[in-house]
Undergrad: 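Can you read through this structure? Questions will come right after.
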Amino acid sequence: MVRSIAIATGLPYRQVYEDLQQANAAYAERRNDKLARRLNAKGSSPRNGNHRNVFHDYILSHGFDWVPTMQIGAGCQVHLRANELPEGTLIVKVSKHLTTIVNGVILDTHDPSRGGSRCVYGYYIQRK
């Protein structure tokens, strides 16, 4: 996830990693919920996992808007295929993963599309 955000925003990987680590620590300090307890127990490193409660606001603060593509009970409407997603710079949320797509090209260490059948829960699109 750190890599996807770094690619999409143009920020150095190290900066995104440290920013998310600080955001995780701040969340754990401010809150008293299951996620905060997990962060306190495992540590705030992004290597221990990242949660939408933390990364969502971080991505929005870097010039992106969230576009949901799935609703409860509606089934999969958008798949991880270039012809089903808009042009531009996207950070796409799929099950347990974020990937970056720039003008239809997946920029990831592997192809997470599952042959075009992977369902997209939503995406962050860079504001123009």
Side-chain angles (χ1 to χ4, degrees):
M1 181 202 6
V2 174
R3 185 176 185 278
S4 292
I5 295 171
I7 290 169
T9 60
L11 296 171
Y13 178 93
R14 183 64 150 178
Q15 179 184 339
V16 174
Y17 185 93
E18 290 172 357
D19 289 349
L20 288 173
Q21 186 170 17
Q22 290 173 1
N24 282 335
Y27 185 93
E29 188 176 302
R30 285 191 322 264
R31 301 302 214 55
N32 185 24
D33 59 12
K34 186 177 179 180
L35 175 59
R37 287 189 293 278
R38 186 178 67 88
L39 288 169
N40 282 322
K42 285 185 150 186
S44 61
S45 171
R47 290 191 195 285
N48 295 332
N50 296 280
H51 195 273
R52 186 179 196 281
N53 292 357
V54 177
F55 70 73
H56 179 75
D57 289 338
Y58 182 77
I59 294 171
L60 294 179
S61 74
H62 283 87
F64 287 78
D65 291 319
W66 171 248
V67 178
T69 59
M70 197 167 195
Q71 296 177 352
I72 296 171
C76 187
Q77 304 295 314
V78 178
H79 299 87
L80 194 54
R81 298 181 198 143
N83 64 340
E84 293 188 26
L85 294 164
E87 290 289 309
T89 300
L90 310 173
I91 301 172
V92 180
K93 174 76 175 105
V94 294
S95 58
K96 299 183 181 186
H97 189 64
L98 290 181
T99 190
T100 298
I101 299 179
V102 178
N103 296 324
V105 178
I106 296 172
L107 303 175
D108 208 325
T109 56
H110 68 290
D111 181 2
S113 70
R114 296 180 183 158
S117 67
R118 194 154 191 190
C119 191
V120 172
Y121 297 152
Y123 55 86
Y124 297 91
I125 187 165
Q126 194 170 42
R127 286 183 220 116
K128 294 183 180 188

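Throughout, numbering of the chain's residues begins at 1 and tracks the sequence. We use all heavy atoms of the structure for the numbers below, so side chains are in, but hydrogens, waters and symmetry mates are not.
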Undergrad: Which heavy atom of Thr100 sits nearest to which heavy atom of Ile5, and what is that distance?
TA: OG1-N, 4.5 Å
Undergrad: Inspect the surroundings of CZ in Arg37 and state if more than 12 heavy atoms from other residues, nucleotides or ligands are less than 6.0 Å away.
TA: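 Buried by this count: over 12 neighbours within 6.0 Å.
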Undergrad: Within a strict 4.5 Å, meaning less than it, do heavy atoms of the Glu18 and Pro12 side chains meet?
TA: no
Undergrad: I want to know whether Tyr124 and His56 have ring centres closer than 6.0 Å.
TA: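 Aromatic pair counts; centres sit under 6.0 Å.
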Undergrad: CD/Gln21 to CG/Asn50 distance, rounded to the nearest 0.5 angstrom?
TA: 10.5 Å
Undergrad: For Ala36, is there any backbone N or O sitting under 3.5 Å from a side-chain donor or acceptor partner on Asp33?
TA: yes
Undergrad: For Val78 and Thr69, which heavy atoms make the closest approach, and how far apart are they?
TA: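 Reported closest heavy-atom pair: CG2-CB, 3.8 Å.
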Undergrad: In this structure, would Met1 and Val94 fall into the same cluster of hydrophobic residues linked by side-chain contacts under 4.5 Å?
TA: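 No, no single cluster joins them.
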Undergrad: Give the table of side-chain donor-acceptor pairs shorter than 3.5 Å for residues 80-87, with sequence neighbours excluded, one pair per line with atom names and distance.
TA:
from  : atom 1 : to     : atom 2 : distance (Å)
Arg81 : NE     : Gly116 : O      : 2.7
Arg81 : NH1    : Glu84  : OE2    : 2.5
Arg81 : NH2    : Gly116 : O      : 3.1
Glu84 : OE1    : His79  : N      : 2.6
Glu84 : OE1    : His79  : ND1    : 3.2

Undergrad: Taking disulfide (SG to SG under 2.5 Å) as the cut-off, I'd like each qualifying pair that reaches into residues 15-53, sequence neighbours left out, listed once.
TA: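 Not a single pair qualifies under disulfide (SG to SG under 2.5 Å).
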Undergrad: How does the hydrophobic cluster around Met70 look, that is, which other residues are in it when side-chain heavy atoms under 4.5 Å mark a link?
TA: Tyr121
Undergrad: To the nearest 0.5 Å, what is the distance between CD (Glu29) and CG (Asn24)?
TA: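 Reported value, rounded in 0.5 Å steps: 12.5 Å.
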Undergrad: What are the two closest non-hydrogen atoms of Leu20 and Pro46, and how far apart are they?
TA: CB-CG, 3.9 Å
Undergrad: Could you work out, with ring-ring contact (aromatic ring centres under 6.0 Å, His included) as the rule, every residue matching Tyr17, not counting sequence neighbours?
TA: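 Tyr17: no ring-ring contact (aromatic ring centres under 6.0 Å, His included) contacts found.
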Undergrad: Hydrophobic cluster membership, with links at side-chain heavy-atom distances under 4.5 Å among I/L/V/M/F/W/Y: are Leu60 and Val16 in one?
TA: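 In one cluster: yes.
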Undergrad: Determine whether a donor-acceptor pair (N or O, by modelled atom type, separation under 3.5 Å) exists between the side chain of Arg3 and the backbone of Tyr13.
TA: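 It does not hold such a pair.
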Undergrad: Asn48 and Gly43: which non-hydrogen atoms are nearest, and at how many Å?
TA: ND2-O, 3.6 Å
Undergrad: Considering all heavy atoms of both residues, which atom of Arg127 and which atom of Asp65 are nearest to each other, and what is their separation?
TA: NE-OD1, 2.8 Å
Undergrad: Rounded to the nearest 0.5 Å, what separates atom CD1 in Ile101 from atom CD1 in Ile91?
TA: 11.0 Å
Undergrad: Can you find a side-chain donor-acceptor pair between Asp57 and Tyr27 that sits under 3.5 Å?
TA: no
Undergrad: Not counting sequence neighbours, list each pair that qualifies as a ring-ring contact (aromatic ring centres under 6.0 Å, His included) and has a residue in residues 80-109.
TA: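 ring-ring contact (aromatic ring centres under 6.0 Å, His included) check on residues 80-109 returns His97-His110.
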Undergrad: Is the distance from the ring center of Tyr58 to that of His62 below 6.0 Å?
TA: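 Under 6.0 Å, so yes.
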Undergrad: Does Val102 share a hydrophobic cluster with Val67, counting links as ILVMFWY side-chain heavy atoms below 4.5 Å and allowing steps through other members?
TA: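 No; tracing contacts between hydrophobic side chains, which count when under 4.5 Å, never links both residues.
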Undergrad: Any side-chain heavy-atom pair from Lys93 and Tyr123 closer than 4.5 angstrom?
TA: no
Undergrad: Determine whether Leu98 and Ile59 make a side-chain contact, defined as any pair of heavy atoms from C-beta on separated by less than 4.5 Å.
TA: yes
Undergrad: Provide the closest heavy-atom pair for Phe64 versus Gln126 in the form atom of the first, atom of the second, distance.
TA: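 Closest approach of Phe64 to Gln126, heavy atoms only: CD2-N, 3.3 Å.
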Undergrad: Is Val2 reachable from Leu35 through a run of I, L, V, M, F, W or Y residues, each pair having side-chain heavy atoms under 4.5 Å apart?
TA: no
Undergrad: Using the disulfide (SG to SG under 2.5 Å) rule, collect all pairs that involve residues 10-125, keeping only residues at least two apart or in two chains.
TA: Cys76-Cys119
